[in-house]
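Heads up, the thing below is written out as structure tokens.
These figures come from a predicted structure and were not determined experimentally. We count ligands from 1, going down the list as the structure has it; atoms in each ligand are counted the same way.
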Amino acid sequence: MIAELVVDLGAIRTNVERLRALVRPARFAAVVKANAYGHGLVPVARAIADLVDKFCVYGADEALALREAGITKPILVMGPTEAHDLPEILAANAAITLWEAAHFRREVAQIARARDRRFPVHVKIETGVARLGFDPRMASGAIAVLAADEDLEVRGVYTHLAAAEELESSFTLGQLKTFRDALQPVDSLLREHHIIRHAAASAAAMLFPALRLDLVRVGIATYGIWPSPETCNAGGHSLALAPALTWTTPLVAVRDIAAGQSVGYGCSYHTTRASRIAILPIGYAEGIPRALSSTGTALVHGKRAPFVGRVCMNMSFVDVTDVPEAHVGSQATLLGQDGNDRIDPNEQATLAGTIGYELVARLPPEVPRRYVGYEPGAKTPSSAIASARSSVPS
Ligand SMILES: *Cc1c(COP(=O)(O)O)cnc(C)c1O
């Protein structure tokens with residue numbers, strides 16, 4: 001085995017239980033796009049299906065994979081859908097997102113009529129990300145038209161926040177005001193049709209109670225990862241998140257290198273002392289950001305082993321000079337706990353100049369994942385809760 005990702009489903013359940021309790025009475029949707037942030041779409045969804053009110057995905061393929069896996073909870077497709085996927089999406093009873101009045105108007109009508117069922121939709125309103133959504137000035141008119149459309153079942157209206165992770169409260173509360181003002185003319189219509197409102201992702205769900213509305217859409221925190229150092233500093237003392245991911249790989253060679261020699265492509269790194277350099281059998285093709293070259297860190301026998309030289313396509317180097325017990329077959333931990341030390345996604349990501357989100361989302365689906373901490377049908381073992389630790393700010 002070249003590398004392994006161990007996913008603690010018990011930790012993920014613990015996070016969902018804590019977050020769900022925190023946001024109550026708002027409902028809880030788990031965001032499982034990008035292969036459940038690298039943790040594995042179907043195993044994660046199966047492990048938390050009994051705890052969540054809804055799943056949010058990006059694309060139709062993810063919605064269909066969840067239904068094939070036997071998930072029956074409501075699903076919202078947040079990203080764009082293609083017309084040819086609409087029949088399967090309706091058959092799967094997943095909701096799509098509309099952000100333009102003319103979006104699929106004809107196709108959706110045809111399919112809904114052919115199946116004699118209304119197409120479930122959520123309407124998105126753009127309030128500050130400049131991404132997808134109706135212009136707030138047009139939103140109430142559009143919602144009135146869509147809610148009256150016999151081919152559609154409008155289940156929700158939502159928006160997305162731009163700067164909650166940065167704790168930008170004036171911008172975030174401004175977005176809330178824009179959203180509320182846009183919906184004000186259709187307030188009674190929303191109530192009559194039981195149309196829910198939602199805005200908050202992890203950061204706002206945890207730190208901006210006013211943004212919780214009827215439902216929160218929580219991604220990154222589900223996996224025990226803080227959205228940003230700011231959110232961790234603000235909330236880390238009152239809300240413990242349990243990290244779920246451990247990423248390990250064995251040392252496949254350990255070589256002694258004299259002082260002053262170069263290591264790796266481009267001769268970008270030179271040893272400053274007689275060194276022991278270990279080779280990891282994974283590189284950027286296996287999910288190690290190349291930006292970790294000479295800046296990343298690994299744990300070997302519980303001690304820090306810094307990345308040296310450039311990360312190659314399928315291999316990389318760590319310096320184990322200060323880990324005398326390191327040998328071929330020793331395990332290097334790139335994410336997770338080893339001995340008394342741990343590396344969280346945000347810490348490793350910061351060393352690569354990126355964020356925890358990108359690091360985990362880019363873990364290739366082909367890397368084998370081993371699931372621990374939860375058996376469907378069994379209770380969460382108390383060990384998983386006992387080992388739940390608050391992740392350390394990076
Ligand atoms: C990804 C995403 C979320 C979840 O964001 P986190 O910060 O991971 O909680 C929520 N809503 C939308 C529209 C998203 O794209």
Min over A361, A201, A200 of heavy-atom distance to atom 5 (O) of ligand 1 lands on A201

When you look at CZ of R137, are more than 12 heavy atoms from neighbouring residues, nucleotides or ligands closer to it than 6.0 Å? no

Given that the side chain starts at C-beta and the backbone is N, CA, C, O, which of these parts of Y37 lies under 4.0 Å from ligand 1, counting heavy atoms, or is it both or neither? side chain

Under-4.0 Å salt bridge between D341 and R304: yes

For atom 9 (O) of ligand 1, which protein heavy atom lies nearest, and how many Å away is it? S202 OG, 2.5 Å

H198 contact mode with ligand 1 (heavy-atom cut-off under 4.0 Å): neither

With a 4.0 Å cut-off on N to O distance, would you call E126 and K124 a salt bridge? no

Can you tell which part of V31 has a heavy atom less than 4.0 Å from ligand 1: side chain, backbone, both or neither? side chain

Nearest non-hydrogen protein atom to atom 11 (N) of ligand 1, with distance, is R217 NE, 2.9 Å

Judging by distance only, is a nitrogen or oxygen of G219 under 3.5 angstrom from one on ligand 1? yes

For atom 7 (O) of ligand 1, which protein heavy atom lies nearest, and how many Å away is it? Y357 OH, 2.6 Å

of all protein heavy atoms, closest to atom 2 (C) of ligand 1 is K33 NZ, 2.5 Å

Go through the side-chain N and O atoms of S228 and E165 and say whether any donor and acceptor fall under 3.5 Å apart. no

If we count only N and O atoms by modelled type, under 3.5 Å, do the side chains of T172 and E168 hold a donor and an acceptor together? no

Between T127 and T159: side-chain donor-acceptor atoms closer than 3.5 Å: yes

Modelled atom types, side-chain donor and acceptor of D338 and Q331, under 3.5 Å: no

Should you measure from each heavy atom of R131, which atoms of ligand 1 turn up under 4.0 Å away? 15 (O)

Heavy-atom proximity to atom 13 (C) of ligand 1, best of M206, H160, E165: H160

Sort and list the pairs that fulfil ring-ring contact (aromatic ring centres under 6.0 Å, His included) and have at least one residue in residues 149-190, not counting sequence neighbours. Y158-H198

